[in-house]
4 protein chains.
Amino acid sequence: MASKKVRVGIIGASGYTGADAVRLLGAHPHAEIVTLTGNAHAGKKIDAIFPQFAGLDLPVLQKIENVDWHGVDAVICGLPHSTAQDVIGALPTHLKIIDMSADFRLRDASVYEAWYGRTHDAPGLLHEAVYGLSEHYADEIAAARLVACPGCYPTAALLLLLPLVSAGQIDASDLIIDAKSGVTGAGRNLKEQNLFSEVAEGMNAYSVATHRHAPEIEQEIAKAASAEVTVSFTPHLVPMNRGEYLSVYARTRGGARAVDLRATLEQFYTDHPFVRVVDQGVVPATRHVRGSNFCLLAAFDDRIDGRVVLFSTLDNLVKGSSGQAIQNLNLMFGLDPCAGLEQQPLYP
Amino acid sequence: MASKKVRVGIIGASGYTGADAVRLLGAHPHAEIVTLTGNAHAGKKIDAIFPQFAGLDLPVLQKIENVDWHGVDAVICGLPHSTAQDVIGALPTHLKIIDMSADFRLRDASVYEAWYGRTHDAPGLLHEAVYGLSEHYADEIAAARLVACPGCYPTAALLLLLPLVSAGQIDASDLIIDAKSGVTGAGRNLKEQNLFSEVAEGMNAYSVATHRHAPEIEQEIAKAASAEVTVSFTPHLVPMNRGEYLSVYARTRGGARAVDLRATLEQFYTDHPFVRVVDQGVVPATRHVRGSNFCLLAAFDDRIDGRVVLFSTLDNLVKGSSGQAIQNLNLMFGLDPCAGLEQQPLYP
Amino acid sequence: MASKKVRVGIIGASGYTGADAVRLLGAHPHAEIVTLTGNAHAGKKIDAIFPQFAGLDLPVLQKIENVDWHGVDAVICGLPHSTAQDVIGALPTHLKIIDMSADFRLRDASVYEAWYGRTHDAPGLLHEAVYGLSEHYADEIAAARLVACPGCYPTAALLLLLPLVSAGQIDASDLIIDAKSGVTGAGRNLKEQNLFSEVAEGMNAYSVATHRHAPEIEQEIAKAASAEVTVSFTPHLVPMNRGEYLSVYARTRGGARAVDLRATLEQFYTDHPFVRVVDQGVVPATRHVRGSNFCLLAAFDDRIDGRVVLFSTLDNLVKGSSGQAIQNLNLMFGLDPCAGLEQQPLYP
Amino acid sequence: MASKKVRVGIIGASGYTGADAVRLLGAHPHAEIVTLTGNAHAGKKIDAIFPQFAGLDLPVLQKIENVDWHGVDAVICGLPHSTAQDVIGALPTHLKIIDMSADFRLRDASVYEAWYGRTHDAPGLLHEAVYGLSEHYADEIAAARLVACPGCYPTAALLLLLPLVSAGQIDASDLIIDAKSGVTGAGRNLKEQNLFSEVAEGMNAYSVATHRHAPEIEQEIAKAASAEVTVSFTPHLVPMNRGEYLSVYARTRGGARAVDLRATLEQFYTDHPFVRVVDQGVVPATRHVRGSNFCLLAAFDDRIDGRVVLFSTLDNLVKGSSGQAIQNLNLMFGLDPCAGLEQQPLYP
């Protein structure tokens with residue numbers, strides 16, 4: 001593998017997650033982009049859609065049905081939910097696949113149907129797929145052919161909560177997750193609520209008690225808790241491009257305090273450079289991860305006895321999407337897990 | 001009162017709350033600004049500080065010690081915390097006083113000392129002061145000489161929670177308040193964290209478990225609950241000028257559901273046009289109150305049984321500060337409670 | 001006129017200019033909204049589209065063909081370009097009409113065709129229409145049945161330049177207009193370039209040498225200059241909701257300097273409270289007009305001899321659109337020209 | 001030089017330009033940060049000031065007088081104007097110095113005095129210093145001991161204009177530069193006009209006809225034009241963190257048109273990957289350079305005969321400051337000119 005780069009195709013390169021995959025892979029020392037697809041823009045150069053890439057030497061966008069997959073080792077799929085499952089189901093089997101959509105995240109097809117309102121077109125792949133939370137399922141990811149990258153909110157929530165639930169330090173049955181996201185979390189879709197003048201200089205909650213990332217969080221926490229779990233999860237839209245910020249309100253168990261939770265998290269992530277517990281007393285901020293693959297965690301004692309306030313922040317397009325996809329690519333091909341992901345945050 | 005306007009002085013007119021008091025009083029049909037003080041800018045016209053007021057005919061700023069209070073009926077005080085108590089303690093007694101600082105909000109001087117780290121200079125006034133939550137304490141406000149306007153967060157929290165706690169529909173011992181505020185909430189102070197490049201395109205929590213608005217919320221909820229109360233209160237800074245958004249996570253009592261809470265709130269605020277429960281299923285947004293004196297409330301059932309997600313949003317400079325101050329002025333002088341406050345929200 | 005209010009219909013109330021007309025008319029002392037049309041939303045209350053209006057008592061939206069125009073005195077039309085001309089051509093003749101689209105601004109149908117790429121459907125009305133620059137054409141507006149409100153850029157440009165060109169103080173053949181606008185200038189259309197993540201934290205020019213507001217500016221300046229005029233006009237999109245800022249680079253004539261230009265402007269607008277020359281040395285800012293009907297002007301000597309730098313700023317949705325529409329309504333019905341337009345700027 | 005990295009000290013690392021130098025050097029393959037100074041923060045780790053750097057292994061901040069310069073090869077100086085000249089004058093002579101302040105940009109001490117209102121403390125160094133516009137003065141920079149990096153506006157202006165003036169295609173005596181900048185251009189200083197609530201949701205011009213970058217632009221254009229030059233230069237503050245956008249209005253000479261100007265620029269920058277002429281008809285945008293060392297140029301014919309509209313955009317903290325500083329470091333040490341600067345733009 002020393003001299004030969006992994007040859008990567010990006011499917012659905014005209015959205016924001018696709019664009020960030022291009023940005024990051026463009027600087028990856030051991031991987032190269034050999035194929036770009038984008039059905040609506042087939043025949044164009046990528047910089048006709050994303051002018052910032054005019055300096056890169058990249059393949060022309062083509063329709064997915066026209067791709068010759070022989071010279072491709074892996075695919076990163078940035079298609080929207082529902083579309084991804086059909087496309088991925090039809091890909092040749094020599095390809096390793098990293099899917100950034102929600103289509104293969106839920107292991108139980110009936111849960112998928114309940115939340116997405118449709119039957120799954122590739123239920124077989126659903127069972128084969130590995131949930132791509134890099135720091136927690138590295139071995140399974142390394143062995144997988146199809147990796148379903150977690151949603152942005154679940155990544156932030158699970159990196160924070162899985163070690164604490166596993167350690168029995170917090171009560172999994174009383175988790176309140178107040179989540180805030182920048183607008184790229186909604187993609188590049190033409191919806192009125194994503195217009196500048198609808199978002200700037202204001203904020204609001206959305207999808208109250210109905211957001212599709214809840215079952216994904218519950219699926220993974222339930223495994224750690226060895227019990228069914230329902231979480232309170234409320235997302236909010238904040239006038240910024242990138243960044244996700246989770247404030248989690250939890251009850252501790254066995255008298256654990258913030259200092260104990262911090263110790264658990266620090267120990268768990270000792271060898272995982274992208275996840276970092278900030279110094280005691282420091283409140284993390286989205287701007288400290290902007291554009292990078294980092295996730296910052298923090299824990300504070302609440303004034304209510306037995307309660308803690310926990311924070312997790314990441315860039316939804318990087319650690320929450322394309323960055324984690326590339327981290328998984330690294331794991332699947334035995335590369336340095338940090339390769340191509342060492343950009344420092346862009347702040348201001 | 002028909003032909004004679006209430007003559008109002010604004011103390012500390014060079015901050016954002018002072019400026020919004022000027023904006024609103026400038027259009028008030030039954031009140032007029034007769035005095036403006038601003039020690040650092042004495043001798044200047046207000047439009048040297050706030051050029052948007054160049055079209056108004058306003059008195060020149062003067063030092064507070066130079067004011068002749070004979071022709072003044074009421075004072076709105078926009079001084080910072082700690083400064084206000086000394087100035088107010090020295091005002092002539094014929095003046096009705098509406099204070100927007102925190103100095104007279106807490107009835108217990110020892111609680112004040114614990115949170116503000118200093119002894120109170122006017123503890124006598126502390127007992128005389130009425131907590132100026134207009135919709136809840138209208139009679140006391142009407143009879144008061146000194147009204148302490150609630151903080152912006154407490155206004156949003158209490159308008160939402162007081163009727164529900166009083167009705168016994170939610171558990172006052174398990175209230176989690178996740179609050180988000182625009183940057184004007186921090187005033188016009190020269191602090192690094194308020195610089196554009198520190199705030200724009202990012203967000204973060206602050207003052208975790210230590211924010212001074214918590215005891216104020218607790219004081220009032222305790223009265224409604226007839227019990228000591230500690231709340232979980234976590235404020236966040238959001239990149240917008242105006243607006244405050246509270247997401248409150250609560251347990252219901254006696255099997256109450258969101259629909260019941262909505263009914264309680266609707267009934268309580270039937271005759272209070274500035275507080276409005278939005279239509280069922282609608283999520284309120286700060287942009288729907290920007291620049292206005294409205295506060296919007298909402299209630300949703302959570303997916304966790306017995307839990308609800310509640311929302312309250314207002315403009316921190318209007319209903320959260322200067323607007324409520326003028327609403328209290330109206331109450332104190334027997335004017336139409338809505339006078340001067342009927343501006344529609346500015347959106348976009 | 002004392003007791004009877006002008007009964008106004010708003011056509012196309014679901015866009016941003018329509019919404020601002022509702023906001024302003026909602027507080028107008030001598031006019032009332034009796035009809036709202038919005039074909040895509042017929043049957044809904046306006047607050048289903050603009051929740052900020054939930055507190056107002058407004059008629060339900062209806063299709064334009066279903067309106068009974070008998071009880072209506074005047075119409076403010078907020079339809080998009082091209083659509084407006086057909087609708088307006090079909091309205092009953094007892095209605096006074098104030099059109100905010102571009103359809104009736106250009107007096108020469110061939111110029112219209114050249115810039116809009118289509119023939120005009122109501123060329124007769126084109127000649128009847130009066131150009132609604134309130135401070136300059138008040139008499140014609142007062143006598144008109146159909147008033148074409150100027151575009152937002154032309155309003156800012158012409159209020160600044162017409163008096164100076166008329167006075168012979170600047171060279172009309174060498175006018176360079178660098179214009180910056182907030183995003184509401186593009187309306188509420190679902191276009192990718194208006195998405196939050198395409199606009200926030202960045203800026204760019206657009207429509208270089210091809211923007212349709214250029215011929216409108218030229219038409220009016222040519223009249224003042226008594227000569228054909230071509231201007232250099234370059235608009236830019238800035239990440240803010242409201243506000244328009246024109247920096248105009250001009251050569252003076254006859255040795256005039258900034259102080260002379262200021263004198264001309266001050267004299268011209270002496271009795272026009274909405275247009276104001278800021279104090280010498282002060283640079284105007286969009287935030288000083290936000291949400292208001294004001295337009296601020298300034299003039300500076302450039303370092304290049306014989307050159308001046310001029311500024312004009314207004315809120316594109318108010319003085320640049322709905323505010324000026326209502327100002328024209330006041331003129332057409334003999335009301336106080338300032339009625340309903342005395343809101344102070346909302347800053348911050 | 002193959003295995004030994006250039007050892008770099010950053011003086012004044014607690015400002016925004018210092019921080020961006022840290023960000024970029026942290027990923028530089030042939031340079032390493034061995035010293036960081038910051039007098040107000042001496043003794044702290046850099047991540048106490050800029051938490052985003054917590055993942056980097058960097059030296060503790062120290063006072064400049066305590067630095068042992070023996071193990072340092074080069075210094076990048078991020079001190080404010082006026083302070084830099086004293087500090088740099090006292091540095092040991094074995095150091096190569098790259099100054100990002102304005103102190104050594106103007107070759108004529110009397111021009112410096114006229115614009116900065118003080119005599120220069122190190123006039124000798126003023127003559128030794130090389131103006132660090134990388135693409136234009138590479139040979140002089142390579143041979144220099146002290147390089148004065150151009151200001152952000154001058155970099156954008158000169159990269160656009162120098163080739164065109166040198167080619168005789170535009171008239172240097174009639175250049176109108178309308179410049180727009182994000183707020184980081186003002187640094188991290190505690191000034192009221194840099195507060196979020198003073199900047200967000202608004203814009204304005206500033207320093208009209210008095211900005212200190214004008215003489216710097218004139219100095220370099222005069223050399224290319226072989227004539228004294230005065231430019232019209234008007235900066236504006238735009239509510240974004242990073243990015244600078246220059247719209248330049250010029251008269252062409254000898255019948256040159258935009259297509260000819262584009263050809264000149266394309267040819268000049270053929271071997272300079274950081275400066276790129278965008279495709280014909282494309283309007284550049286700040287978001288296409290955000291966080292990167294690129295500068296994008298464009299030329300359009302104006303509607304006024306003989307006039308062109310030119311654009312230049314860059315990230316003021318990268319190509320406009322720290323990026324160009326590192327580009328100069330590369331030139332001074334014979335490294336690959338692009339080393340450490342190949343980050344793609346971060347968009348959105």
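Chain letters run A, B, ... following the sequence lines, proteins first, then strands; residues in each count from 1.
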**Asked** Do you know which of Asn241(C), Thr210(C), Thr313(C), Val238(C) has the most heavy-atom pairs under 4.5 Å to chain D?
**Response**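 The candidate making the most pairs under 4.5 Å is Asn241(C).
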
**Asked** Looking at Asp305(C), Ile176(C), Leu237(C), which makes the most heavy-atom pairs under 4.5 Å with chain D?
**Response**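 Between Asp305(C), Ile176(C), Leu237(C), the count favours Ile176(C).
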
Can you confirm whether the side chains of [X] and [Y] place a donor and an acceptor under 3.5 Å from each other?
{"X": "Thr264(D)", "Y": "Gln169(D)", "value": "yes"}
{"X": "Asp178(C)", "Y": "Tyr249(D)", "value": "yes"}
{"X": "Ser247(C)", "Y": "His236(D)", "value": "yes"}
{"X": "Ser321(C)", "Y": "Asn316(C)", "value": "no"}

**Item:** Carboxylate-amine/guanidinium proximity below 4.0 Å for Asp260(C) and Arg253(C)
**Value:**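 Salt bridge: no.
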
**Message:** Go through it in stages, so that I can follow the logic: the residues are Arg251(C) and Asp174(D), the test is salt bridge (charged side-chain N to carboxylate O under 4.0 Å, His left out), and I'd like the CA-CA distance, side-chain angles, deciding distance and then a yes or no.
**Reply:** CA-CA 11 Å; Arg251(C) 289 191 186 281; Asp174(D) 189 18; 3.3 Å; yes

Check for a donor-acceptor pair, side chain of [X] on one end and backbone N or O of [Y] on the other, with a separation under 3.5 Å.
{"X": "Tyr245(C)", "Y": "Pro284(C)", "answer": "yes"}
{"X": "Arg23(C)", "Y": "Gly291(C)", "answer": "yes"}
{"X": "Thr252(D)", "Y": "Ala256(D)", "answer": "yes"}
{"X": "Asp171(C)", "Y": "Ser173(C)", "answer": "yes"}
{"X": "Arg262(C)", "Y": "Phe300(C)", "answer": "no"}
{"X": "Asp301(C)", "Y": "Ala258(C)", "answer": "yes"}

Which atoms of [X] approach chain D - backbone, side chain, both or neither, heavy atom under 4.5 Å:
{"X": "Arg307(C)", "result": "side chain"}
{"X": "Phe196(C)", "result": "neither"}
{"X": "Ala298(C)", "result": "neither"}
{"X": "Leu296(C)", "result": "neither"}

**Message:** With a strict 4.5 Å heavy-atom criterion, list every residue of residues 153-162 of chain C that contacts chain D, or say none.
**Reply:**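 Those residues of residues 153-162 of chain C which would need a heavy atom under 4.5 Å from chain D do not exist here.
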
Top residue by heavy-atom pair count (under 4.5 Å) with chain C, among [options]?
{"options": "Glu201(D), Glu198(D), Lys180(D)", "value": "Glu201(D)"}
{"options": "Ala200(D), Ala205(D), Gly182(D)", "value": "Ala205(D)"}
{"options": "Ile304(D), Val283(D), Asp302(D)", "value": "Ile304(D)"}

**Request:** Please collect all side-chain hydrogen bond (donor to acceptor under 3.5 Å, both in side chains) contacts where either partner lies in residues 282-292 of chain C, sequence neighbours excluded, each pair once.
**Result:**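 Output for this query lists Arg287(C)-Asn204(D).
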
**Asked** Can you pull out the residues in residues 215-232 of chain D with any heavy atom less than 4.5 Å from chain C?
**Response**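 Heavy-atom contacts from residues 215-232 of chain D to chain C are Glu218(D), Thr230(D), Val231(D), Ser232(D).
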
**Request:** Using non-hydrogen atoms and a 4.5 Å limit, figure out which bit of Leu175(D) sits close to chain C: side chain, backbone, both or neither.
**Result:**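 For Leu175(D), the backbone is the part near chain C, not the side chain.
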
**Message:** Can you list everything that forms a side chain to side chain donor-acceptor pair (under 3.5 Å) with Glu192(C)? Sequence neighbours excluded, please.
**Reply:**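 For Glu192(C), no residue satisfies side chain to side chain donor-acceptor pair (under 3.5 Å) once neighbours in sequence are set aside.
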
